[in-house]
Amino acid sequence: MRYWWVNQNQTYRHEIDGGYLWSPKKNKNQARNQFYENMREVSPGDLIFSFKDTRIAAIGIAESYCYESPKPVEFGTAGSYWENIGWKVKVRFTPLANSIRPKDHIALLLPFLPKKYSPLQPNGNGLQSVYLAHVNSDLASELINLIGAEVSPLLDAAQTVQPIAADDLDFSELQIESEIYLDPAIRETEKLALVRARLGQGIFKERVRKIETRCRVTGVDNPVHLIASHCKPWRDASNEERLDGENGLLLTPSIDHLFDRGFIGFENNGQLIISPVAHRPSLQRMGIDINSTTNVGAFTQGQKSFLDFHRESVLLQVRAI
DNA sequence: TGCTGCGCTTT
DNA sequence: AAAGCGCAGCA
């Protein structure tokens, strides 16, 4: 289990009631933001300290991994400068009776604050620049001690969390699909091709097959068992990119799932990347060698640019700068 | 609501 | 070095 700290002054009510965390992917100026990147490394069962009005007002238990999701409409004017597509994690929050004020205990906490990306200033005040900060286990123990007995049942609950799937991904894709159907500017044949491309079939798959011959991970080469998986996801791509053969890999269904949801990825040199949040035993049962490094071979120039997007925007891993 | 602040990234 | 940015804190 890992521990996190979330600043929720502006969105506390929405996120607590809605049972989620949401962040943009990038700053307004497209700069990288470590506190948004951290969303990608949350796992079901992680414990989240919710900070609001100078206090830790609630504790959350993550119930899903991170996934791409549109900005919640209920935010209204809060964070109006945030881009429309961001990261979401499902969380069950429990408000605290003893909502401690970290500043009152800063002498105790100070030794455990990290040098970088700390959620607190040395004087105990919060920081506007923080959204989701990592909390090391020493700091977490101190906070849990200060809050007291009401944390125990939450810690127990965290041990037995049943991970929830990212159900609103389907919803937003179906929304895009109906927009395609209604668009008079798209020919009927292309509409069909675009819809089939979402499922990794049709013209898109035929185009991918001109570049790829087998599942890079399992080696399966019978097209019956292969799905054309998008490197730049269908929901993020332009219509042209949705049908671009360079934007696809032929994968068996379980590998397609792992790649689509960011549990695995590929370096441009062909090296398989395994996300730190992935459940290793499951990956092994899906036929991935988790004990040694795997190289799946070279990619074309076009594939590399789509794989850049996948690592940057889908893979559940905080990348080095 | 607006003013000040700090830690971080980018130029 | 300097500017830009952000789920803070305070009046």
Side-chain angles (χ1 to χ4, degrees), chain A residues 2-42 46-62 64 66-96 99-107 109-136 139-140 143 146 308 311-313 317-321:
Chain A
R2 300 178 81 192
Y3 305 93
W4 307 94
W5 171 299
V6 64
N7 279 359
Q8 286 179 307
N9 258 13
Q10 293 184 45
T11 55
Y12 178 81
R13 204 67 264 166
H14 303 124
E15 295 191 339
I16 295 277
D17 293 347
Y20 61 82
L21 297 178
W22 186 91
S23 83
K25 289 187 174 184
K26 291 279 174 65
N27 279 1
K28 189 181 177 184
N29 58 4
Q30 290 303 302
R32 158 200 162 80
N33 185 319
Q34 181 66 34
F35 302 107
Y36 301 155
E37 294 290 310
N38 285 340
M39 293 283 283
R40 306 163 86 154
E41 295 210 349
V42 177
D46 285 358
L47 194 118
I48 300 155
F49 298 98
S50 162
F51 185 69
K52 171 189 161 50
D53 292 344
T54 77
R55 297 176 173 279
I56 294 179
I59 282 183
I61 296 167
S64 79
C66 174
Y67 56 95
E68 195 176 54
S69 181
K71 177 164 72 173
V73 286
E74 59 267 28
F75 280 7
T77 57
S80 50
Y81 52 90
W82 292 329
E83 56 194 344
N84 223 16
I85 297 290
W87 298 118
K88 195 181 217 180
V89 173
K90 296 192 186 234
V91 180
R92 184 184 314 187
F93 288 102
T94 306
L96 294 173
S99 57
I100 60 162
R101 197 164 172 271
K103 191 173 185 176
D104 295 340
H105 312 279
I106 188 60
L109 302 176
L110 197 53
F112 304 111
L113 294 180
K115 298 281 169 288
K116 212 175 173 185
Y117 306 126
S118 170
L120 289 172
Q121 296 178 43
N123 66 8
N125 282 340
L127 276 158
Q128 185 186 358
S129 49
V130 170
Y131 179 58
L132 187 70
H134 180 248
V135 171
N136 61 53
L139 180 55
L143 293 172
L146 288 169
D308 286 342
R311 287 191 304 274
E312 185 64 32
S313 210
Q317 177 178 25
V318 176
R319 310 282 298 172
I321 303 164

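Order of the sequence lines fixes the chain letters, A, B, ..., with proteins taken first and strands second; residue numbering starts at 1 for each chain.
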Answer with base, sugar-phosphate or nothing: what part of the nucleic acid does A:W22 contact at a heavy-atom distance below 4.0 Å? base
Mind calculating the distance between CD (A:Q8) and C1' (C:dG6) to the nearest angstrom? 16 Å
Polar pair under 3.5 Å, donor/acceptor by atom type, side chain A:Q121, base B:dG5: no
A:S129 or A:G124, whichever maps to the more 5' nucleotide of DNA chain C: A:S129
With a 4.0 Å cut-off on heavy atoms, is A:Q34 in touch with a base, just the backbone sugar-phosphate, or nothing at all? nothing
Looking across every strand, which nucleic acid part, if any, lies under 4.0 Å from A:P24 by heavy atom: base, sugar-phosphate, or nothing? nothing
Measuring from the side chain of A:Y36 (C-beta onward, heavy atoms only), which nucleotide among C:dC7, B:dG7, B:dT9 has the closest atom? C:dC7
Determine the contact category for A:Y117: base if any of its heavy atoms lies under 4.0 Å from a base atom, sugar-phosphate if only primed atoms, P, OP1 or OP2 are that close, otherwise nothing. sugar-phosphate
Identify which nucleotide among C:dC10, C:dC7, B:dC6 has an atom closest to any side-chain atom of A:K103, counting heavy atoms from C-beta outward. C:dC10
Which range-with-range stems can be found for DNA chain C when each stem has 3 or more Watson-Crick or G-U pairs in a row and both distances sit under 3.5 Å? B:1-4 with C:8-11, B:6-11 with C:1-6
Side-chain atoms of A:K116 come closest, of B:dC8, C:dC7, C:dG9, to B:dC8
By the 4.0 Å heavy-atom rule, please label A:F51 as base, sugar-phosphate, or nothing. sugar-phosphate
Taking the minimum atom-to-atom distance to the side chain of A:N125, which one of C:dA8, B:dT9, C:dG9 wins? C:dG9
So what does A:V6 touch, heavy atoms closer than 4.0 Å: a base, only the sugar-phosphate, or nothing? nothing
